[in-house]
Amino acid sequence: MFKNVNAKNAFFIGTLCSISYLAVYFARNMLSAVSPQMIETGGFTTEYIGSASSLYFITYAIGQLVNGAIGDKVKGRYMISFGLILAGICSFIFPHISFSLTAAKVVYGLTGFFLAMIYGPMTKIVAENTEPVYAVRCSLGYTFASFFGSPLAGAAAVILAWDGVFTLGSIILLVMGAFCFAMFGKFEKKGIVQYNMYGLKDEKKGSIRLLIQHQIIKFTFISVLTGIIRTTVVFWLPTYLSQYLGFSAQESAGIFTAATLIMSFAAFIAIFVYERLKNNMDLSIFLFFCISMCAFLLVYFVKSPAANIVCLIVAIMASNCAASIMWSRYCPGLRDTGMVSSATGFLDFMSYMAASISSTLFANAVAEIGWENLILIWFALMVGGVIVAAPWKKRRKGQEMSC
């Protein structure tokens with residue numbers, strides 16, 4: 001089944017990371033999936049959901065920055081397992097204190113911080129314990145899991161009441177936290193997972209200048225733009241379906257499930273196109289931004305609900321493909337800098353800070369300028385992506401980082 005021991009070990013590591021990250025993104029998408037239900041109950045408003053999501057994105061972003069740096073020093077086993085367990089506790093508490101909107105919002109914000117303990121350390125484990133080709137495959141696995149978490153949350157919202165969805169999410173997180181603690185411990189004993197094996201041996205290790213040489217500035221912009229689409233636009237998708245396209249809350253949850261299920265394959269499409277373009281990372285990202293830009297423009301002009309949804313799915317998927325290249329190709333490729341967790345955490349921090357700001361702005365924008373003008377804003381973001389990703393300069397031979 002496996003070519004060699006390295007392939008076998010990479011499979012075990014990648015599978016565990018993917019399942020863990022699926023739990024993270026199920027939890028992360030719960031509020032989005034049940035927001036139409038919560039609004040219909042009359043106890044919650046669109047503005048409250050927006051502010052709660054905004055707080056979550058802020059704490060998640062800060063958590064990525066802080067935990068990313070810690071993840072370069074503390075074993076990933078502890079970061080990942082305790083992050084899942086603490087987030088599970090918060091997810092259980094949230095619906096039970098919803099009578100106090102402020103307290104519930106604070107608890108939901110803490111969930112974001114704890115869930116941010118996973119991604120950076122996870123990427124570091126993959127980068128340091130698998131060969132480059134397997135690192136991309138492992139990253140692809142949990143990138144897929146991050147997209148697949150949305151339809152799972154949507155499916156749960158179709159079946160369960162909103163508070164039941166949060167209870168289910170808390171159980172999943174607690175179980176996965178305990179499972180990861182046990183399995184990573186087993187991997188450590190067998191030597192499948194080791195820590196801090198790579199890094200530069202000179203004074204350049206850990207320097208910001210080194211990351212700048214590895215295009216961190218360019219990828220910061222890409223992280224911000226794709227983060228707004230993959231996080232904020234997807235978060236407001238059920239509300240968009242119900243308010244702009246006229247579907248009921250139950251119908252919106254069902255469509256959201258189907259749409260995000262399709263979007264979850266963006267990671268595989270991204271790597272397929274990337275390999276067809278001879279592993280040209282810059283050209284791949286540029287192409288996906290162009291597709292997303294054109295698709296968002298169609299979303300503005302197409303009025304048929306079914307066709308509008310198709311265009312929106314294509315637009316989001318294309319942006320997600322650009323993000324997938326970054327997370328699956330660029331971040332693991334930073335292995336030799338000794339800053340995989342820190343750099344990944346920083347990029348995720350920028351992504352979610354942008355998502356936090358845009359979530360509140362989008363909620364207010366709907367009331368002020370309407371959904372149609374908001375679509376134009378989404379289109380403008382992808383225009384920015386095209387500009388940032390455009391291959392303005394020819395790459396020098398050998399400039400592409402080895403992955």
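These figures come from a predicted structure and were not determined experimentally. Scope of the values below: all heavy atoms of this structure, side chains included, with no hydrogens, waters or symmetry mates.
A donor-acceptor pair under 3.5 Å links the side-chain atoms of Ser328 to the main chain of Ser324, judged by distance alone. Not a single donor-acceptor pair under 3.5 Å links the side chain of Thr344 to the backbone N or O of Gly120. For Ser242 (side chain) and Thr239 (main-chain N/O), a donor-acceptor pair under 3.5 Å exists by modelled atom type. Within the 3.5 Å criterion, the main-chain N or O of Ser342 finds a donor-acceptor partner in the side chain of Asp72. No donor-acceptor pair under 3.5 Å is formed between the side chain of Thr15 and the backbone N or O of Phe12. Checked by atom type and distance alone, the side chain of Thr130 never pairs as donor or acceptor with a backbone atom of Ala127 at under 3.5 Å. Of the possible polar contacts, one joining the Thr59 side chain to the Leu55 backbone as a donor-acceptor pair under 3.5 Å is found. Checking side-chain atoms of Ser351 against main-chain N and O of Leu347 turns up no donor-acceptor pair under 3.5 Å. Counting only distance, with no hydrogens or angles, the side chain of Gln250 and the backbone of Val158 share a donor-acceptor pair below 3.5 Å. Looking only at distances, no side-chain donor or acceptor of Glu188 sits under 3.5 Å from a matching main-chain atom of Gly185.
From Met30, atom CE reaches atom OG of Ser32 across 11.5 Å, with rounding to the nearest 0.5 Å. Separation of atoms OG1 (Thr45) and OH (Tyr48) is listed at 9.0 Å; rounding is to 0.5 Å. Interatomic distance, Ser170 OG to Leu174 CG, rounded to the nearest 0.5 Å: 6.0 Å. Distance CG/Leu225 to CZ/Arg230: 12.0 Å, rounded to 0.5 Å. With values rounded to the nearest 0.5 angstrom, Cys321 atom SG is found 9.0 Å from Ile271 atom CD1. Atom NZ of Lys218 is separated from atom OG of Ser223 by 14.0 Å, given to the nearest 0.5 angstrom.
For the pair Arg77 and Phe181, the distance from NZ or CZ to the six-membered ring centre is under 6.0 Å and the angle to the ring normal is within 45 degrees. Figure legend: cation-pi geometry between Arg28 and Phe26 absent, as NZ or CZ is not positioned both under 6.0 Å from the six-membered ring centre and within 45° of its axis. Figure legend: Lys303 and Tyr300 shown as a cation-pi pair, the cationic atom lying under 6.0 angstrom from the six-membered ring centre and within 45 degrees of its axis.
Scanning both residues, Ile313 and Ala259, for their nearest heavy atoms gives CD1-CB, 3.7 Å. Between Phe256 and Gly154, the shortest heavy-atom contact is CD2-CA, 4.0 Å. Nearest heavy atoms, Ala156 versus Leu168: CB-CD2, 4.3 Å. Tyr274 and Ser284 get closest at one heavy-atom pair: CA-OG, 3.4 Å. When all heavy atoms of Gly177 and Ile85 are compared, the closest pair comes out as CA-CG1, 3.8 Å. Considering every non-hydrogen atom in both Leu245 and Pro305, the closest pair reads CD1-O, 4.2 Å.
Checking Val107, Asp163, Val165 one by one against Pro95, the side-chain contact (heavy atoms from CB on, under 4.5 Å) holds for a single residue, Asp163.
Side-chain contact check for Leu84 versus Ile80: some heavy-atom pair is nearer than 4.5 Å. Side-chain contact between Ile357 and Ile228: absent, with no pair of heavy atoms (C-beta onward) separated by less than 4.5 Å. Contact of the Val273 side chain with the Phe288 side chain is registered, since non-hydrogen atoms from C-beta on lie closer than 4.5 Å. Looking at Asn129 and Ile192, their side chains never come closer than 4.5 Å, going by heavy atoms from C-beta outward. When side chains are defined from C-beta on, Ile375 counts as touching Tyr244, because their heavy atoms get closer than 4.5 Å. Using a 4.5 Å heavy-atom threshold, the side chains of Gln215 and Asp282 count as touching. Looking at heavy atoms from C-beta onward, Phe349 lies out of side-chain contact with Val66 at the 4.5 angstrom threshold. Looking only at side-chain heavy atoms (C-beta outward), Asn67 and Ile118 stay at 4.5 Å or farther from each other.
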Is there a side chain to side chain donor-acceptor pair (under 3.5 Å) between Ser319 and Thr226 once you walk through the steps?
CA-CA 6 Å; Ser319 176; Thr226 58; 5.4 Å; no
For Ile229 and Phe296: C-alpha separation, side-chain torsions, deciding distance, then whether side chain to side chain contact (heavy atoms under 4.5 Å, CB included) applies.
CA-CA 11 Å; Ile229 301 300; Phe296 270 123; 3.9 Å; yes
Apply side chain to side chain contact (heavy atoms under 4.5 Å, CB included) to Met117 and Val74, showing your working.
CA-CA 11 Å; Met117 295 173 67; Val74 176; over 6 Å; no
CA sep, side-chain torsions, deciding dist, call: Ile89, Phe92, side chain to side chain contact (heavy atoms under 4.5 Å, CB included):
CA-CA 5 Å; Ile89 294 172; Phe92 179 79; 5.9 Å; no
Tyr240 and Asn308: CA distance, side-chain angles, deciding distance, side chain to side chain donor-acceptor pair (under 3.5 Å) verdict
CA-CA 11 Å; Tyr240 171 87; Asn308 186 281; 2.6 Å; yes
For Met79 and Phe184, run side chain to side chain contact (heavy atoms under 4.5 Å, CB included): C-alpha distance rounded to whole Å, both residues' side-chain angles, the deciding distance at 0.1 Å, then the answer.
CA-CA 11 Å; Met79 297 291 291; Phe184 275 120; over 6 Å; no
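Ring centers of Tyr25 and Tyr21: under 6.0 Å apart, within the cut-off.
The environment of CZ in Phe268 is crowded: more than 12 heavy-atom neighbours from other residues, nucleotides or ligands sit within 6.0 Å. The number of heavy-atom neighbours closer than 6.0 Å to CZ of Phe179, taken from other residues, nucleotides and ligands shown, is 12 or below.
The aromatic rings of Trp162 and Phe166 sit perpendicular, their planes meeting at an angle over 60°, well past the 30° parallel limit. The aromatic rings of Trp327 and Tyr119 lie perpendicular to each other, with more than 60° between the two planes, well past the 30° mark.
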